[in-house]
There are 2 protein chains.
Amino acid sequence: MANIKDIAKLAGVSVTTVSRVINGHPYVSTLKKEAVQRAMEMENYERNINAVHLSKGKTNLIGVVVPSIRRPYFGMVVEGIADEAIKDNYKLVLIQTNYEVEREMDALMMLKLKQIDALIICSKTSGWDVVEEYIQYGPIIILEDARGTKLSSIFIDHYQIFSNALAYLRSKGHHKIGYCLARRSSPNSARREAAYRDFYTNLQEDYDPNYIFYDCVHLEDGEWIMQRIVGMEDPPTALLVTSDQVAAGILTYCQENNIRVPEDLAIVGFDNQPIAKVLHITTFEIPIVEIGRKLFLKAIDGSHSHEEIPIHLIERLTV
Amino acid sequence: MANIKDIAKLAGVSVTTVSRVINGHPYVSTLKKEAVQRAMEMENYERNINAVHLSKGKTNLIGVVVPSIRRPYFGMVVEGIADEAIKDNYKLVLIQTNYEVEREMDALMMLKLKQIDALIICSKTSGWDVVEEYIQYGPIIILEDARGTKLSSIFIDHYQIFSNALAYLRSKGHHKIGYCLARRSSPNSARREAAYRDFYTNLQEDYDPNYIFYDCVHLEDGEWIMQRIVGMEDPPTALLVTSDQVAAGILTYCQENNIRVPEDLAIVGFDNQPIAKVLHITTFEIPIVEIGRKLFLKAIDGSHSHEEIPIHLIERLTV
DNA sequence: AGTTGACATGGAAGGCGTTTCATAATTTAC
DNA sequence: GTAAATTATGAAACGCCTTCCATGTCAACT
């Protein structure tokens, strides 16, 4: 394949001029410009993109860290990122971590080595200090409340929403409220737990720790959750489920086992995924795809900022 | 940041020797090797990965083309690819096409420019001839029957499966069988349509073209499909639905509208996604994640081959 | 007429690691 | 004891594009 030197020779100009034509710089006479274009066409020239990357120190690649791409929530975030990335001619490098710190380090290393121009972390496993170390190498945007750190973030106030949700269920007459979380160790989970504890503390009431379920991630998890609930002497009357997928699983189990929703058990989901709409699950609408778009925009904008995304309750038939 | 030259100077060796140490080549004395390692550690050296790419003409990046990453089917394929890619230290570049030919061309161009080492196409929009043009630049693997082309492929015999499914429904006493496809124009759809036509032709029976539904992709599509069926004078008694998502949407509609499944309407899904298990949908199990793994392996193996994936029916409660 | 500023163009430096080739020093082999 | 093989090492070529800097031309402005 021809390189820029060949083209320059063929067109009878300097390499610089060819580069200028390629990159649309001004100050090239029409005559030479056309000569270059003819030469490029003749030779079917394509620049060596890796040489461009080396020279520019930039790759038009954005890293995206997700724990698992098959989870609809992350699929939707990535879709949003990808939608926006296309417009700016960026491509996405997908890094699936399965919550392994090592994988996350891979991603950070890619930023350090300038293999990617920026990094979007949709779910973080390692500590803030570790991640902040890498901010010097390029923009890092995180889908989590990162106020107080050097990263930029788009986030949801999970404490507030959980509090609101609890108050909402209380107003509907529920006193025994349980909840389902994904990873126990995630910061989002911590905030939600705090909201829950504070809620009951303020009310000067106790809560049953058995009402708390961890590792609720997939549709199928609804089954074991409900089996545990069914086996309880004094089961909760309402459940805050931090994923519509899980909420759908729970609802399905109820329908099959003659547990009336919301009479016997009220369910509040999160995300407002398609399944919540189809199954009429009351849920908090999180504009996931839109959040993905914003994440990307922030990644290439480069300024340091934090943005809270407001979340609204969508009342349907499960409360 | 230090470069290889700095390290060489610091260690008192040549650049070549440093490179050899980095890449684990033999023929470096222990003495110099250690000197180099010390120097690298001292300077906190990291190679400029873009220079490596330029020099090697290889990036350890594999392109993955999907129409939309949020669709569970593609999420699962990509998960499989990513799982396997990690093991070989490859990263994935995600190209979301939305079935736009232009996006697909982007991906092919990346292969041509050696920005990616291989390309996996999970769903193709452009023609075979276009794609085959690019096989000269690197391995292209496609999730579709590509026998007779220069590409490698992992595929499912959709004609056969559709035929089997029709025979199965017939054996259960169904004569009025409809089906739901995604894109009408896709090759998979064409094969399924052929199977359907041949099935009725062999039986010397006619079929009602109204029983055929296109653009059935998402969970929500179940609703309009069922509304059309409900409005029919002579509705089908069984439906072959080429996505569990859509099958789930249809089933949900039936449950809410007192249409008995399978008595009034039998439903056969495809993919055996979690939702099919939870809702007890009879479906064809397609080992999607496993297929993703195989796609990746084939991508880096580089040999030209085709592999058919056998598919099995999982009988549950919707037939 | 002299000074500015806009337009044009090319040389050369800069970004950086890999690999081939030539050479030298040791071993091993017979 | 000598030929052959193995081990070690570095210079230089190679992969290729971008951009800074220097130089030059021509028109416009004072």
Side-chain angles (χ1 to χ4, degrees), chain A residues 1-37 39-40 43-61 89 109-117 137-138, chain B residues 1-37 39-40 43-61 89 109-117 137-138:
Chain A
M1 244 202 255
N3 62 26
I4 199 172
K5 226 167 154 181
D6 300 330
I7 300 299
K9 199 176 293 176
L10 197 67
V13 300
S14 73
V15 177
T16 312
T17 301
V18 177
S19 178
R20 274 199 265 263
V21 173
I22 293 171
N23 293 292
H25 284 301
Y27 301 162
V28 181
S29 65
T30 330
L31 213 73
K32 302 218 166 180
K33 191 174 181 172
E34 279 167 1
V36 169
Q37 283 166 337
M40 290 200 295
E43 292 290 300
N44 220 310
Y45 174 73
E46 295 290 347
R47 348 176 255 187
N48 181 321
I49 201 80
N50 290 133
V52 176
H53 292 334
L54 170 60
S55 189
K56 291 204 172 166
K58 186 172 181 299
T59 57
N60 268 45
L61 247 32
N89 196 28
M109 193 51 95
M110 287 179 81
L111 184 68
K112 181 172 182 180
L113 300 185
K114 296 182 182 303
Q115 197 176 3
I116 51 179
D117 296 345
Y137 303 114
Chain B
M1 242 201 256
N3 61 27
I4 199 171
K5 227 166 154 183
D6 301 330
I7 300 300
K9 200 176 292 175
L10 196 66
V13 300
S14 73
V15 180
T16 313
T17 301
V18 178
S19 178
R20 275 197 267 262
V21 172
I22 294 172
N23 294 290
H25 284 300
Y27 302 162
V28 180
S29 65
T30 329
L31 214 74
K32 301 217 166 178
K33 192 175 181 173
E34 279 166 2
V36 169
Q37 281 166 340
M40 290 200 293
E43 292 290 300
N44 220 309
Y45 173 74
E46 295 290 347
R47 339 177 263 187
N48 181 320
I49 200 80
N50 290 132
V52 176
H53 292 335
L54 169 61
S55 191
K56 290 207 171 161
K58 186 171 177 305
T59 58
N60 269 43
L61 247 31
N89 196 30
M109 191 52 93
M110 287 179 82
L111 185 67
K112 181 170 181 181
L113 300 186
K114 295 180 183 305
Q115 195 175 4
I116 50 179
D117 295 344
Y137 303 114

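Here is how names work: the chains are called A, B, and so on, in the same order as the sequence lines, proteins then strands, and each is numbered from 1.
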Tell me whether A:Lys114 at atom NZ has more than 12 heavy atoms from other residues, nucleotides or ligands lying less than 6.0 Å away.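 No, the 6.0 Å shell around NZ holds no more than 12 heavy atoms from other groups.
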Donor on one side chain, acceptor on other, A:Ser19 and A:Thr16, under 3.5 Å: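 Per modelled atom types, A:Ser19 and A:Thr16 side chains form no pair under 3.5 Å.
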So, A:Gln115 and A:His53: side-chain donor and acceptor under 3.5 Å apart, yes or no?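 Result is no, nothing qualifies.
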Could you tell me how far apart [X] ([atom1]) and [N] ([atom2]) are, to the nearest whole angstrom?
X	N	atom1	atom2	result
B:Asn48	D:dT18	CG	P	16 Å
A:Asn3	D:dC17	CG	C1'	9 Å
A:Tyr27	C:dC7	OH	C1'	6 Å
B:Lys5	C:dA13	NZ	C1'	11 Å
A:Leu31	D:dT25	CG	P	18 Å
B:Ile7	C:dT18	CD1	P	13 Å
A:Glu46	D:dG15	CD	P	18 Å
B:His25	D:dT7	NE2	P	15 Å

Give a yes/no on whether any side-chain N or O of A:Ser55 is located under 4.0 angstrom from OP1 or OP2 of C:dG15.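 Result: no.
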Out of [options], which has the shortest distance to the side chain of [X]?
X	options	value
B:Val52	D:dA8, D:dC16, C:dG17	C:dG17
B:Ser19	D:dC17, C:dT18, D:dT18	C:dT18
B:Ile4	C:dG17, C:dG15, D:dA11	C:dG17
A:Lys32	C:dG10, C:dG17, D:dC17	C:dG10

Give one of base, sugar-phosphate or nothing for [X], where a contact means two heavy atoms less than 4.0 Å apart.
X	answer
B:Ser29	sugar-phosphate
B:Asn50	nothing
A:Thr17	sugar-phosphate

Would the base of C:dG17 count as contacting B:Arg20 through its side chain, where contact means a donor and an acceptor less than 3.5 Å apart?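 By the distance-only test, no, there is no pair.
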Looking at D:dT19, does its base get a donor-acceptor pair with the side chain of A:Thr16 below 3.5 Å?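 A donor-acceptor contact between them is present.
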Quick one: CG on B:Asn3 to CG on B:Asn48, what's the gap to the nearest 0.5 Å?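 B:Asn3 CG to B:Asn48 CG: 9.0 Å, rounded to 0.5 Å.
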If you assign each of B:Val15 and B:Leu54 to its closest nucleotide in DNA chain C, which residue comes earlier from the 5' end?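 Closest to the 5' end, via its nearest nucleotide, is B:Leu54.
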Relative to the 5' end of DNA chain D, which residue comes earlier, B:Gly12 or B:Ala51, by the nucleotide with the nearest heavy atom?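 Result: B:Gly12.
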Sole residue of A:Met1, A:Met40, A:Gln37 in side-chain contact (heavy atoms from CB on, under 4.5 Å) with A:Tyr45: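 Result for side-chain contact (heavy atoms from CB on, under 4.5 Å) with A:Tyr45: A:Met40.
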